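Within every chain, numbering begins at 1; the chains are lettered A, B, ... in the order of the sequence lines, protein sequences first and strands thereafter. Keep in mind it's a predicted model, so treat the numbers as computed, not measured.
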Number of protein chains: 2
Amino acid sequence: MCYASIMDTRLDPTPIATPPPTADEVLITLVRHGHRVTGPRRAVLDAVLAKPRPFTAEQLVAELGDSRAGAPIGRATVYRTLEILASVDVLSRLIGADGHPSYVVGTPGHRHHLLCSGCGAAVSFTACPVDELVQTLTRDTDFAIHGHLLEVFGVCPTCQDDATTDGIGAGRGVAVG
Amino acid sequence: MCYASIMDTRLDPTPIATPPPTADEVLITLVRHGHRVTGPRRAVLDAVLAKPRPFTAEQLVAELGDSRAGAPIGRATVYRTLEILASVDVLSRLIGADGHPSYVVGTPGHRHHLLCSGCGAAVSFTACPVDELVQTLTRDTDFAIHGHLLEVFGVCPTCQDDATTDGIGAGRGVAVG
DNA sequence: CACCGAATGATACTTTGTGTCAATAATGCG
DNA sequence: CGCATTATTGACACAAAGTATCATTCGGTG
Ligand SMILES: [Mn+2]
Ligand SMILES: [Mn+2]
Ligand SMILES: [Zn+2]
Ligand SMILES: [Zn+2]
């Protein structure tokens, strides 16, 4: 497992690569959307922007509710703020191989993720092969299709090395779909 | 919403269409896999095979724990049995637009689902557009890719009709990805 | 039918997430 | 600046979903 190395290459087979925004930029966006700028929201935002890889809501709750620096932040506030940040495209929700949701920063627009089942690293990409499929499905089923969910799971190079070195199998082969 | 009509067309853009197995066939499979045939397992199996569309574990717990016919079945048993049935390819787990998992019968092998956000109907299909993407991602990231998760969300024809008739908007546009 | 391990299910517990609501803080305005 | 208005906060209670434990029961085998 490669907990140390930051394998967060924001690689883009189809180049778009919007860089993650700064805290100040986000605050402006929030105001523009009619939200207020509060202490707790700054705290959540700062914590979130510091995360180089996907994290769960509860992780943040533990981190910020524990009264680290400044005042501890309530569970409800964390969840609410995450929702807001996602609605403003600062965060995007993604679903892990276990079906549990998590958040990751800086992925506005249409993106998917390649997730390492060893260390949790996420590589986001904009290439989406679903469009053609949607055409076919629409024709064959007459559904009005309005979205899809696509995540790819694998083991990153670092974790592969760790596995062969340690002799420990990396990634539990959580093949889905 | 079309609660009545059974919109469970097991349509296959790429024809494979394995028909759902009978209870007896499944029991044989269970034994073959070293499991025992018990009363509770029969009950869960029967309930499961009667479901024409995706259902959650808790739904089954409510249904079978309520001592309908015969003895009520414990929560743990229901969860355990569902796991086993999924491991034997009688059930497959799928993820809804809300990120919550559910099960659906008779979809062994590599399949994905088109889910109606109105009535919950599921159309399973075997066409998978991810293969090429996996090639690209493997080349670009050196990940050892071992699986993926793909679900498509939309509104089925019946629910579309209901919506225009009732004047109520169908499906909350839960666009994911 | 007697044995043994698998399976059950009541119970308690954890985790994740949602509603409520009085107290508080942020904005806009005079 | 000081105040009114209103969004926001967070403690709390609650709900949903799932897991761990373990004494008891049951299925299968000989
Ligand atoms: Mn896509
Ligand atoms: Mn696929
Ligand atoms: Zn890794
Ligand atoms: Zn429908």
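- Considering CD of A:Glu25 and CG of A:Leu27, their distance stands at 10.0 Å, rounded to 0.5 Å.
- Residue A:Thr38 has no polar side-chain atom (N or O) positioned under 4.0 Å from OP1 or OP2 of C:dA26.
- Distance, A:Arg75 CZ to D:dC14 P: 16 Å, rounded to whole Å.
- Regarding B:Tyr79, its OH atom lies at a distance of 18 Å from the P atom of D:dT21, rounded to whole Å.
- Contact annotation: A:Arg41 reaches the phosphate of D:dT9 (side-chain N/O to OP1 or OP2, under 4.0 Å).
- For the pair B:Leu27 CG and D:dG27 C1', the interatomic distance rounds to 13 Å; values are reported in whole Å.
- Side chain B:Arg80 to base D:dG18: no donor-acceptor pair is found below 3.5 Å.
- Look at A:Lys51 and A:Glu63 and you find a salt bridge, because one of the NZ, NE, NH1 or NH2 atoms lies within 4.0 Å of a carboxylate O, short of that distance.
- Computed from coordinates, the B:His33 NE2 to D:dG28 C1' distance equals 19 Å when rounded to whole Å.
- Comparing D:dG18, D:dG28, C:dG17 by their closest approach to the side chain of B:Arg36 singles out D:dG28.
- What separates CZ of B:Phe55 from P of D:dA17 is a distance of 14 Å, to the nearest Å.
- When the P atom of C:dG17 is taken as reference, atom CG of A:Leu82 falls 10 Å away, rounded to whole Å.
- Taking atom CD of residue A:Glu83 and atom C1' of nucleotide C:dT16, one finds them 14 Å apart after rounding to whole Å.
- In this structure, NE2 of B:His35 is placed 7 Å from P of C:dA7, rounded to the nearest angstrom.
- The A:Ala76 side chain lies nearest to D:dA11 when the options are C:dT8, D:dA11, C:dT16.
- Residue B:Ala57 places its side chain closer to D:dG18 than to any other of D:dT9, D:dG18, C:dG17.
- Using a 4.0 Å heavy-atom cutoff across all strands shown, B:Val37 reaches sugar-phosphate atoms only and no base atom.
- Between B:Gly39 and B:His100, the residue anchored closer to the 5' end of DNA chain C is B:Gly39, taking for each the nucleotide with the nearest heavy atom.
- Closest approach of B:Cys128 and B:His112 over heavy atoms only: SG-NE2, 3.6 Å.
- Classified by interplanar angle (parallel below 30°, tilted 30° to 60°, perpendicular above 60°), the ring pair B:His146/A:Phe153 is parallel.
- Below 30°, between 30° and 60°, or above 60°: for B:His33 and B:His35 the angle between ring planes is below 30°, a parallel geometry.
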